[in-house]
S.K.: 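Pasting a structure here, questions to come.
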There are 2 protein chains.
Amino acid sequence: MTYTHAMNERTILKIDPQQDIASQLRKVGITPTQQRVQIAEILFARPRHMSADQVLAVVNRDGPIASKATIYNTLGLFARKGLLREVIVDPSKVFYDSNTAVHHHFFNVDTGELTDIPSDDLILTRMPELPPGTESAGIDVIFRIRSRDAAH
Amino acid sequence: MTYTHAMNERTILKIDPQQDIASQLRKVGITPTQQRVQIAEILFARPRHMSADQVLAVVNRDGPIASKATIYNTLGLFARKGLLREVIVDPSKVFYDSNTAVHHHFFNVDTGELTDIPSDDLILTRMPELPPGTESAGIDVIFRIRSRDAAH
DNA sequence: CATGGTTTTGTACAAAGTCTAGAAAATGCC
DNA sequence: GGCATTTTCTAGACTTTGTACAAAACCATG
């Protein structure tokens, strides 16, 4: 059996910030509560990488909209539904990536900055056999980088 | 500029469990204290993936050998010296991999199991340009897998 | 065997994330 | 619309991973 790059593709659903958020959420089986819509508006305004902490801060910038538990619940829900991709590169927190197109990441270990690598800029060949009884849940490729002058 | 797979190579140092651990540690600039030797003996007996928690439990199985702080200090030290590779795939804890040869990982998201993929079984081509002013600190490729019958 | 730098230790602390029980909001049905 | 049922939200306590710190122990060297 051979695997192709297409196997990296996850369930991809794209929320269009120009269209009505509530009906798009309903379309993927998510009840569009006020909190979820507000969180979605922030995340899907443009492709971005945010931690739960950052989402919490932005959502509640002008008064209390959603609690910490709701942020975690909502991010987890969106990720399960394929609207967000969890990016695990920093042991201290999870990033949620609202760019659901196939792509990979640079992670600057000095600054904590996460940036996208378009899928076309990297090709994986000669893919390994998956262990028996398992199926792919996505492939993550992370280029860890360092600022060239930083002490290390 | 083109990158080759060799760029993935990190500082690689291999501890041989058959040889004297203390003198091998000394050779890489690590003072071989009793705690460090004991921790090294566990980690380098064979290639394995362990969390700090697991190391703590195994080290102190037959009486107190090392404290939590020492485990973290030692794992961090070994990783900085290139004896261990930190593997960040699970948001809840860091794995330390005593296989320092170039390789990648399967991570079973259902079981939390981490297994190796030999370097030869995967080839990366058409590598992306690194952002200006940065240098590589290693490339991680993680195949996230799921047990095929698991609910999801 | 005295000296002084390095390690280790216990404890306190910090931060990310989970859990829970009750309040509030959404939904479905008449 | 009104009302009952179900789902979601909230505040805060709790858990877990990991770090900070200061005192005690260790150990190489003269």
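Note that the coordinates shown come from a computational prediction; the quantities given were computed from them, not determined experimentally. We name chains A, B, ... by the order of the sequence lines, and we start the count at 1 in each one.
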S.K.: Holding to side chain to side chain contact (heavy atoms under 4.5 Å, CB included), I want the full list of residues that pass it with A:Lys27, two or more places apart in sequence or in another chain.
M.R.: none
S.K.: My understanding is that only residues two or more places apart in sequence, or in another chain, count here; which of them pass side chain to side chain donor-acceptor pair (under 3.5 Å) with A:Ser51?
M.R.: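 Expected list: A:Gln54.
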S.K.: Under 3.5 Å, sequence neighbours excluded: what are the donor-acceptor pairs made by side chains of residues 35-42 of chain B?
M.R.:
from, atom 1, to, atom 2, distance (Å)
B:Arg36, NH1, B:Thr31, O, 2.9

S.K.: A side-chain contact here means heavy atoms from C-beta on lying under 4.5 Å apart; do B:Asn108 and A:Thr134 qualify?
M.R.: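 Result yes, sub-4.5 Å side-chain heavy-atom pair found.
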S.K.: For each nucleotide in nucleotides 2-20 of chain D, reading 5' to 3', give B when a protein heavy atom comes within less than 4.0 Å of its base, S when such contact involves only the sugar-phosphate, and - otherwise.
M.R.: ------SSBB-B---SBB-
S.K.: Test of understanding: with ring-ring contact (aromatic ring centres under 6.0 Å, His included), list the residues that count as partners of B:Phe106, not counting sequence neighbours.
M.R.: B:Phe143
S.K.: How close or far is atom C1' of C:dA26 from atom CG of A:Leu25, stated in whole angstroms?
M.R.: 14 Å
S.K.: Quantified as the angle between the terminal helix axes (five pairs each), what is the overall bend of the helix from C:dC1-D:dG30 to C:dC30-D:dG1 to 10 degrees?
M.R.: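 So the angle between the two local helix axes works out to 30°.
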S.K.: List for me each residue that meets ring-ring contact (aromatic ring centres under 6.0 Å, His included) alongside A:His49, sequence neighbours excluded, and say none if there are none.
M.R.: A:His105
S.K.: Nearest whole Å is fine: how far is C:dA16 C1' from A:Gln54 CD?
M.R.: 13 Å
S.K.: Report the distance from atom CD of B:Gln38 to atom C1' of C:dT8, rounded to the nearest whole Å.
M.R.: 14 Å
S.K.: Tell me the side chain to side chain donor-acceptor pair (under 3.5 Å) pairs involving residues 57-68 of chain A, sequence neighbours left out?
M.R.: A:Ser67-A:Thr70
S.K.: Taking atom C1' of C:dT8 as reference, at what distance in whole Å does atom CD1 of B:Ile39 sit?
M.R.: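 Those two atoms, CD1 and C1', are 11 Å apart.
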S.K.: Taking only residues two or more places apart in sequence, or in another chain, which ones meet A:Val109 in a side chain to side chain contact (heavy atoms under 4.5 Å, CB included)?
M.R.: A:Phe107, A:Arg144, A:Arg146
